[in-house]
**Student:** 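Encoded as structure tokens, here's the structure I'll be asking about.
The basis for the numbers below is simple: all heavy atoms, side chains too, and nothing from hydrogens, waters or symmetry mates. Both counts, for ligands and for their atoms, begin at 1 and track the order of listing.
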Amino acid sequence: MLVNMKDVLENAKIDHYCIPHFNINNLEWTRFILEEANQLNSPIILGASEGAVNYMGGYKTVTALVKALVSDLNITVPVVLHLDHGKSIEACKKAIDAGFTSVMIDASKETLETNIAITSEVVEYAHNRYVTVEAEIGHIGGTEDDISSDIAFAKLDDCITFVKETQIDCLAPALGSVHGLYKGEPKFDFELMKKIAKETKLPLVLHGGTGIDDVKILEAIKSGVCKININTELQLAWTEAIRNFLTEYPNIYDPRKIIKAGEIAMKEKIAAKIKLFNSMEHQN
Ligand code: 13P
């Protein structure tokens, strides 16, 4: 069943666990993630970035793909189809019109006032259609969809004002995480994280989930994080498995066999995150 973000995050917030957000890039990835989440009875968030949506053909293709897989594979866990880092109001509206159940509007590079104005417009459009909205304060650094940017830390007062003015459903405050691989040990301000969660009363989102050790992940969940985004870690696991497979079987050319060679490695990662986040077998 496709649900919106509120449907899964509210429970996670009350019971202090976290729902994994995995980025999807193609049919096979979507299938592997859905199958493993269903196997472990965990709600799941499928994140599609604008780059991934364009790669797969467009918003309607992605929605049709996810809905058809949920039906054909008899997926019974709640599934959120979420636009990751929508860069414009138009992109968010396109995703919503196509059937995405959740969108992220990322105007985090703008001033607070402009971020509020852009985000509010998306919230109005989304909420009228039972779609939820995530937005970012401060700026998460690193590289995503081949675009690199510097980190800017979120401030408590900005978060409070932003949430009050926009009425978003979950907040991604930049508190030290980056997309892609970390240079050195990631450092987080957990005290500020707790304060933001307490004052805004919203579930928090941690981007850049790759490369954060389990102790820090658990501390983040304790501090109010209810959704953690993971992309690079699955890419690394899948690519390593494919590389090994092609080295071992240089004469195989059937694309189904090649792409499938990453299935076990990916599913192991997905299962490990679901267990660490403790998202299985909760009532939603
Ligand atoms: P990683 O690629 O670092 O796992 O981050 C993913 C992410 O935050 C997607 O929004």
Side-chain angles (χ1 to χ4, degrees), residues 5 9 18-26 29-30 32-33 44-56 62 80-88 91-92 95 100 102-109 119 132-154 168-188 193 203-214 216-217 220-221 225-240 262 265-266 268-274 276-277:
M5 199 88 89
L9 290 192
C18 178
I19 313 283
H21 155 137
F22 293 114
N23 285 76
I24 55 171
N25 290 294
N26 57 20
W29 280 50
T30 312
F32 300 158
I33 297 165
I44 201 81
I45 299 164
L46 302 175
S49 67
E50 284 190 50
V53 169
N54 290 337
Y55 173 79
M56 285 192 265
V62 175
V80 180
L81 176 56
H82 177 70
L83 174 65
D84 191 23
H85 292 283
K87 291 280 186 283
S88 66
C92 291
F100 278 50
S102 182
V103 292
M104 174 184 188
I105 173 70
D106 179 0
S108 61
K109 280 190 160 169
T119 303
T132 41
V133 180
E134 171 185 335
E136 180 172 325
I137 278 283
H139 188 69
I140 295 152
T143 305
E144 196 175 45
D145 273 354
D146 290 334
I147 299 167
S148 298
S149 52
D150 291 332
I151 196 167
F153 281 81
I168 52 168
D169 303 284
C170 54
L171 176 69
L175 294 173
S177 62
V178 300
H179 293 122
L181 297 174
Y182 286 84
K183 295 188 185 94
E185 183 63 16
K187 289 195 186 76
F188 298 103
M193 209 179 262
L204 301 186
V205 180
L206 181 64
H207 282 249
T210 298
I212 305 174
D213 67 48
D214 291 0
K216 287 199 178 78
I217 292 273
I221 296 171
V225 166
C226 300
K227 168 181 184 266
I228 299 182
N229 292 13
I230 295 164
N231 186 22
T232 306
E233 200 164 333
L234 291 191
Q235 294 185 342
L236 290 170
W238 182 83
T239 305
E240 189 189 357
M266 259 186 77
E268 275 173 8
K269 285 277 172 211
I270 294 162
K273 295 300 169 193
I274 287 174
L276 178 66
F277 296 2

**Student:** Would you compute the distance between atom CD1 of Ile44 and atom CD1 of Ile19 and round it to the nearest 0.5 angstrom?
**Tutor:** 8.0 Å

**Student:** Just by distance, no angles: are the side chains of Ser108 and His139 close enough, under 3.5 Å, to form a donor-acceptor pair?
**Tutor:** yes

**Student:** Given Leu206, which of Ile140, Ile212, Ile230, Leu175 fulfils the side-chain contact (heavy atoms from CB on, under 4.5 Å) condition?
**Tutor:** Ile212

**Student:** Below 4.0 Å from any atom of ligand 1, which residues have a heavy atom? Give them in chain and number order, please.
**Tutor:** Asn23, Asp84, His85, Glu144, Val178, His179, Gly180, His207, Gly208, Gly209, Thr210, Asn229, Ile230, Asn231, Thr232

**Student:** Hey, what do you get for CD1 (Ile33) to CD1 (Ile24), rounding to the nearest 0.5 Å?
**Tutor:** 7.0 Å

**Student:** Could you measure the distance from the CZ atom of Phe22 to the CD atom of Glu233? Nearest 0.5 Å is fine.
**Tutor:** 8.5 Å

**Student:** Can you name the ring-ring contact (aromatic ring centres under 6.0 Å, His included) partners of His82, sequence neighbours left out?
**Tutor:** His21

